[in-house]
Q: 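Here's a structure for you.
In what follows, residues are counted from 1 in the order of the sequence shown. Remember, it's a predicted structure, so these values are computed and weren't measured experimentally.
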Amino acid sequence: QVQLVESGGGLVQTGESLRLSCAASGRAFSAYAMGWFRQVPGKERELVAAISWTGGNTIYGESVKGRFIMSRDSAKNTVYLQMNSLKPEDTAVYYCAAKLTHSMVYVDEEFDTWGQGTQVTVSS
């Protein structure tokens, strides 16, 4: 089973960009489907993006389509979330998630390994 560590969060202004990274330790990272989720206190966890084990398929939440890009580098055991044109409503704790599967998964209950989260704050 992999362990996940997110990084890259911080405080930015509206319209700016950030890139989150999720580094995975352990073997067989390339066989894992990966996801990014976010959560605001008092609200349900929300899908941001998900990527298949090959990296050939990606799915995005409606609120981030056209602004965020998820990618993976299996040689570095890392997935990325490039966040552009950030808005105050993107403010949340962002979590990386993994599941050992060759299927495309994007529902949070399907993922079985989670990172500790990284805070993203977008000021207006």
Q: Are any non-hydrogen side-chain atoms of F111 and F37 less than 4.5 angstrom apart?
A: yes

Q: Heavy atoms only: give me the nearest G56-S52 pair and the separation to one decimal.
A: N-OG, 3.3 Å

Q: Let me check something: do L100 and I51 share a hydrophobic cluster, defined by ILVMFWY side-chain heavy atoms less than 4.5 Å apart, either directly or through other members?
A: yes

Q: State plainly whether one hydrophobic cluster holds both L86 and W36, where clusters connect Ile, Leu, Val, Met, Phe, Trp and Tyr through side-chain heavy atoms under 4.5 angstrom apart.
A: yes

Q: Q119 versus L11: any side-chain heavy-atom pair under 4.5 Å?
A: no

Q: For the pair R38 and S63, evaluate side-chain contact (heavy atoms from CB on, under 4.5 Å) and give the outcome as yes or no after the intermediate values.
A: CA-CA 12 Å; R38 66 187 182 186; S63 61; 3.0 Å; yes

Q: Quick one: closest heavy-atom pair of M34 and A98, and the distance?
A: SD-CB, 3.5 Å

Q: Under the 3.5 angstrom rule, does the side chain of T14 hit a backbone N or O of S123 as a donor-acceptor pair?
A: yes

Q: If I compare all heavy atoms of V40 with all of A92, which pair ends up nearest, and what's the gap?
A: CG2-CB, 3.8 Å

Q: Could you check whether any side-chain N or O of Y106 sits under 3.5 Å from a backbone N or O of G61, counting only pairs where one atom can act as donor and the other as acceptor?
A: no

Q: Flag yes if V105 and Y94 sit in one hydrophobic cluster, no otherwise; membership is Ile, Leu, Val, Met, Phe, Trp, Tyr, and two members link when side-chain heavy atoms are under 4.5 Å apart.
A: no

Q: Any chance CD of Q3 has more than 12 other-residue heavy atoms, nucleotides or ligands included, within less than 6.0 Å?
A: no

Q: Does the side chain of I69 reach to within under 4.5 Å of the side chain of Y60, using non-hydrogen atoms?
A: yes

Q: Working to the nearest 0.5 Å, report the span between OG1 of T54 and CE of M104.
A: 9.0 Å

Q: Between T101 and E110, do the side chains contain an N or O donor and an N or O acceptor separated by less than 3.5 Å?
A: no

Q: Give the minimum heavy-atom separation between S17 and S85, together with the two atoms involved.
A: OG-N, 4.2 Å

Q: Out of curiosity, E46 CD to Q39 CD, how far, rounded to the nearest 0.5 Å?
A: 10.0 Å

Q: Please lay out, stage by stage, how V122 and V120 fare under the test side-chain contact (heavy atoms from CB on, under 4.5 Å).
A: CA-CA 7 Å; V122 184; V120 172; 4.2 Å; yes

Q: Is there a side-chain contact (heavy atoms from CB on, under 4.5 Å) between L47 and I59 once you walk through the steps?
A: CA-CA 9 Å; L47 170 71; I59 290 176; 4.1 Å; yes

Q: Any idea how W114 and Y95 line up, ring-wise: parallel (<30°), tilted (30 to 60°), or perpendicular (>60°)?
A: perpendicular

Q: Would you check if the side chain of S30 reaches a backbone N or O of S74 as a donor-acceptor pair within less than 3.5 Å?
A: no

Q: Examine V5 and V48 and state if one hydrophobic cluster contains both, with Ile, Leu, Val, Met, Phe, Trp and Tyr joined whenever side-chain heavy atoms are less than 4.5 Å apart.
A: no

Q: What distance separates L81 CG from M70 CE, expressed to the nearest 0.5 Å?
A: 7.0 Å

Q: Is it the case that R72 places NZ or CZ above or below the six-membered ring of Y32, under 6.0 angstrom from the centre and within 45 degrees of the axis?
A: no

Q: Can you tell me which residue pairs pass the disulfide (SG to SG under 2.5 Å) test with a partner in residues 71-124, sequence neighbours excluded?
A: C22-C96

Q: Under 3.5 Å, is there a donor-acceptor pair linking the side chains of Q1 and T113?
A: yes

Q: So which atom in K65 and which in E62 form the shortest heavy-atom distance, rounded to 0.1 Å?
A: NZ-OE2, 2.7 Å

Q: Do F68 and L20 belong together in a cluster built from hydrophobic side chains that touch within less than 4.5 Å?
A: yes

Q: So which atom in A23 and which in T78 form the shortest heavy-atom distance, rounded to 0.1 Å?
A: CA-OG1, 4.1 Å

Q: How many angstroms lie between atom CD of Q13 and atom OG of S124, to the nearest 0.5 angstrom?
A: 9.5 Å

Q: Decide side-chain contact (heavy atoms from CB on, under 4.5 Å) for Q116 and E6; before the verdict, give the C-alpha distance in whole Å, the side-chain angles of both, and the deciding distance to 0.1 Å.
A: CA-CA 7 Å; Q116 83 288 350; E6 302 97 334; 2.8 Å; yes

